[in-house]
Number of protein chains: 2
Amino acid sequence: MSLDVGTHLKAVRQMYGLSQRELAKRAGVTNGLISLIEQNRVSPSVSSLKKVLDGIPMALADFFTLDLGGQPPVFFARQDLSDIGTGSVELRLVGSRLAKRSMTILHERYAPGADTGEEMLTHPGEEGGVIVKGKLEVTVGGESRTLGPGDAYYFKSSLPHRFRNVGREECEIVSASSPPSF
Amino acid sequence: MSLDVGTHLKAVRQMYGLSQRELAKRAGVTNGLISLIEQNRVSPSVSSLKKVLDGIPMALADFFTLDLGGQPPVFFARQDLSDIGTGSVELRLVGSRLAKRSMTILHERYAPGADTGEEMLTHPGEEGGVIVKGKLEVTVGGESRTLGPGDAYYFKSSLPHRFRNVGREECEIVSASSPPSF
DNA sequence: CTTAACTGTCTATTATAATAGACGCTATGA
DNA sequence: TCATAGCGTCTATTATAATAGACAGTTAAG
């Protein structure tokens, strides 16, 4: 997010077909304030911005998440999935690396004994996946479990987590995380 | 979002193991400000909040999206994935159906000849997936492509789309969509 | 050409966010 | 016991967000 709150607000407001005064009335603020915000002459307080968005209505989270424009879809042959070499685990990204996405979908391959590293991972968002082949030890928030083909996991990524291939066979999974991690 | 920015910020800060002063230093604001924000004695301007979050670092969108309540994570054995019987396609949902999720992850099985129905699907959000087994014809925005094991797709769900198993073998894929569709 | 209702912008004033620095509290160590 | 260093909170001052109300431009009706 560019922090260009003004331009963004203006686009959103016009998308809903509202004038500054109309929105101001619904939001319980002055039209002048909306003018100033849209020109980026002030950085609104969170409470004011919330009041304004309530007049639309739109949630704060949606406002900051909203992406205005662009569409690069498509298909990806297996050899077109970009490899993200992260140590002993092979990560193949589904989708364009450049395009703005709301998720990261990965086709992951763990060699026997491979793992995500010593320290536990923590980051915002959620992630989940399905084991396609082999055996994978999944540790989340202190709890461990070994999963096989067809088994799955889903958790908030803020919980410390770690993955390890405990089988002697290669392990293959498909995972997704939101917001995108790559 | 409750607009209890203070409590939320405090929780996030502590989750990252930072003191008010430490975070203030990284963010380039005073520790006093962080104290005041966390007590909800002021509503920070968007620009200040961004500065603070940059010190963590965390995006504004993530901050407002992040849900800090409860913890219903877990592991799911294949037989625990709830089946969502949608016609001839078997959809197995990864994650609790009740819990708030930002994505829907599905383990899908298409019988030979099975498809998602006559009419094209369109809905907000994005979706993507990886073909695990068999052959699947994917149609998006007028364009069709037959994908095999290891191939993948990713597109904005607002584009009309449709899936069909064109092989004589069962087809198996793992997909994800955001926001959640189930 | 008026008149009226609308658009967004601007300025002077008031309310509030943000700073700098002091304060009290709880360790930890000499 | 007396530092010293960490923690979060508080107050007085300064910087900035927010208001009220005037202003100019545009469109449509009489």
Side-chain angles (χ1 to χ4, degrees), chain A residues 1-66 68-69 122 124 158 160, chain B residues 1-66 68-69:
Chain A
M1 209 12 222
S2 46
L3 190 53
D4 185 355
V5 173
T7 311
H8 196 62
L9 174 61
K10 185 171 186 176
V12 170
R13 174 177 61 80
Q14 292 177 334
M15 179 175 298
Y16 282 81
L18 298 170
S19 70
Q20 290 183 345
R21 279 185 160 84
E22 174 65 21
L23 178 53
K25 196 175 121 196
R26 300 192 190 191
V29 299
T30 56
N31 61 305
L33 175 58
I34 294 184
S35 175
L36 293 173
I37 292 173
E38 291 189 351
Q39 296 171 85
N40 285 315
R41 292 169 57 103
V42 300
S43 174
S45 71
V46 171
S47 57
S48 311
L49 182 58
K50 170 152 176 44
K51 275 201 275 183
V52 171
L53 293 177
D54 282 347
I56 290 186
M58 171 177 284
L60 275 167
D62 293 346
F63 179 79
F64 286 107
T65 304
L66 228 191
L68 264 27
T122 70
S158 53
Chain B
M1 205 21 220
S2 47
L3 191 55
D4 185 357
V5 173
T7 310
H8 195 64
L9 175 61
K10 184 170 185 176
V12 169
R13 174 177 62 80
Q14 291 176 336
M15 177 177 299
Y16 282 80
L18 298 170
S19 69
Q20 290 183 347
R21 281 185 159 81
E22 174 66 19
L23 177 54
K25 197 173 118 194
R26 299 191 191 193
V29 300
T30 57
N31 61 303
L33 175 58
I34 293 183
S35 175
L36 293 174
I37 292 173
E38 290 188 350
Q39 296 170 84
N40 284 317
R41 293 168 57 102
V42 300
S43 174
S45 70
V46 171
S47 57
S48 310
L49 181 58
K50 170 150 175 48
K51 275 202 275 184
V52 171
L53 293 178
D54 282 347
I56 289 184
M58 171 177 287
L60 275 168
D62 293 347
F63 178 78
F64 286 108
T65 304
L66 230 189
L68 254 33

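Naming: A, B, ... by sequence-line order, numbering from 1 per chain. Remember, predicted model here, so these are calculated numbers, not experimental data.
The CG atom of B:Leu33 sits 10.0 Å away from the CG atom of B:Leu49 when rounded to the nearest 0.5 Å. For the atom pair A:Ile34 CD1 and A:Gln39 CD, the distance stands at 12.0 Å (nearest 0.5 Å).
Scanning all heavy atoms of the two residues, the minimum distance from B:Val46 to A:Ser43 falls at N-OG, 3.5 Å. The nearest pair of heavy atoms linking A:Gln20 to A:Asn31 is OE1-O, 4.1 Å. Of all non-hydrogen atoms in B:Gly55 and B:Leu18, the two that sit nearest each other are O-CD1, 4.5 Å. The two residues B:Val5 and B:Asn40 make their nearest non-hydrogen contact at N-OD1, 4.0 Å. Between B:Lys51 and B:Gly28, the closest heavy-atom pair is NZ-O, 4.3 Å.
At the heavy-atom level, B:Ser35 lies under 4.0 Å from base atoms of the strands shown.
For the side-chain contact (heavy atoms from CB on, under 4.5 Å) with A:Glu38, the qualifying choice from A:Arg13, A:His8, A:Gln14 is A:Arg13, the only one to do so.
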Find every protein N or O atom lying less than 3.5 Å from an N or O atom of nucleotides 3-7 of chain C, and list the pairs.
residue : atom : partner : partner atom : Å
C:dT7   : OP1  : A:Ser19 : OG           : 2.5

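Between A:Gln39 and C:dC10, a side-chain N or O to OP1/OP2 separation shorter than 4.0 Å is present.
Here the range on DNA chain D touched by chain A, meaning any atom under 4.0 Å from one of its heavy atoms, is D:dA17 to D:dA22.
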